[in-house]
Amino acid sequence: MGTSHGFDPRSQLRAAFAGWTVFERLWLLLFCSTAVYVSLAMGGTTLELVASITGMITVVLVAKGRISNYYFGLVNTVLYAYLAYASGFYLN
């Protein structure tokens, strides 16, 4: 049997973040750390934190023209929709 052509999340993540400058890595780390701090300070849930971080990653990947932004964007959208529904924001 030859090589497998299945989905490998690790290689997808490596490809998504390949070629980043030190500034870009520090920028993302700073803003993700800020999101974690605010989430802990405000008593946010893990889902809210993951939605926030995946949203930031999506924006950066879109700006860099990476197709892998769709993976993070899908997670962000599903979590945001669930959180909005659970909080009753869908009626506003």
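Computed over heavy atoms, backbone and side chain alike; hydrogens, waters and symmetry mates excluded. A quick note: this is a predicted structure, and the numbers were derived from the prediction, not measured.
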Trainee: Any chain of hydrophobic side-chain contacts (each under 4.5 Å) joining Leu30 to Leu49?
Mentor: yes
Trainee: side-chain contact (heavy atoms from CB on, under 4.5 Å), that's the test. Do Met56 and Phe72 meet it? Break it down for me.
Mentor: CA-CA 9 Å; Met56 286 186 273; Phe72 293 96; over 6 Å; no
Trainee: Start with the C-alpha gap between Val60 and Trp20, add the side-chain angles, then the distance that decides, and say whether side-chain contact (heavy atoms from CB on, under 4.5 Å) holds.
Mentor: CA-CA 11 Å; Val60 172; Trp20 285 42; 3.3 Å; yes
Trainee: Grouping I, L, V, M, F, W and Y whenever their side-chain heavy atoms are under 4.5 Å apart, do Val62 and Val59 come out in a common cluster?
Mentor: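 Each belongs to a different hydrophobic cluster.
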Trainee: OG1/Thr21 to NZ/Lys64 distance, rounded to the nearest 0.5 angstrom?
Mentor: 6.5 Å
Trainee: Hydrophobic cluster membership, with links at side-chain heavy-atom distances under 4.5 Å among I/L/V/M/F/W/Y: are Val75 and Leu83 in one?
Mentor: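 Linked, Val75 and Leu83 end up in one cluster.
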Trainee: For Ala51, is there any backbone N or O sitting under 3.5 Å from a side-chain donor or acceptor partner on Thr54?
Mentor: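 Present.
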Trainee: In this structure, would Tyr70 and Ile53 fall into the same cluster of hydrophobic residues linked by side-chain contacts under 4.5 Å?
Mentor: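 No, no single cluster joins them.
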Trainee: Can any side-chain N or O of Ser39 pair as donor or acceptor with the backbone N or O of Ala35 at less than 3.5 Å?
Mentor: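 Pair absent, no side-chain N/O of Ser39 close to backbone of Ala35.
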Trainee: Let me check something: do Val38 and Phe31 share a hydrophobic cluster, defined by ILVMFWY side-chain heavy atoms less than 4.5 Å apart, either directly or through other members?
Mentor: no
Trainee: Closer than 3.5 angstrom, by distance alone: can the side chain of Ser52 be matched with the main-chain N or O of Glu48 as a donor-acceptor pair?
Mentor: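 Checking the backbone N and O of Glu48 against the side chain of Ser52, no donor-acceptor pair under 3.5 Å is found.
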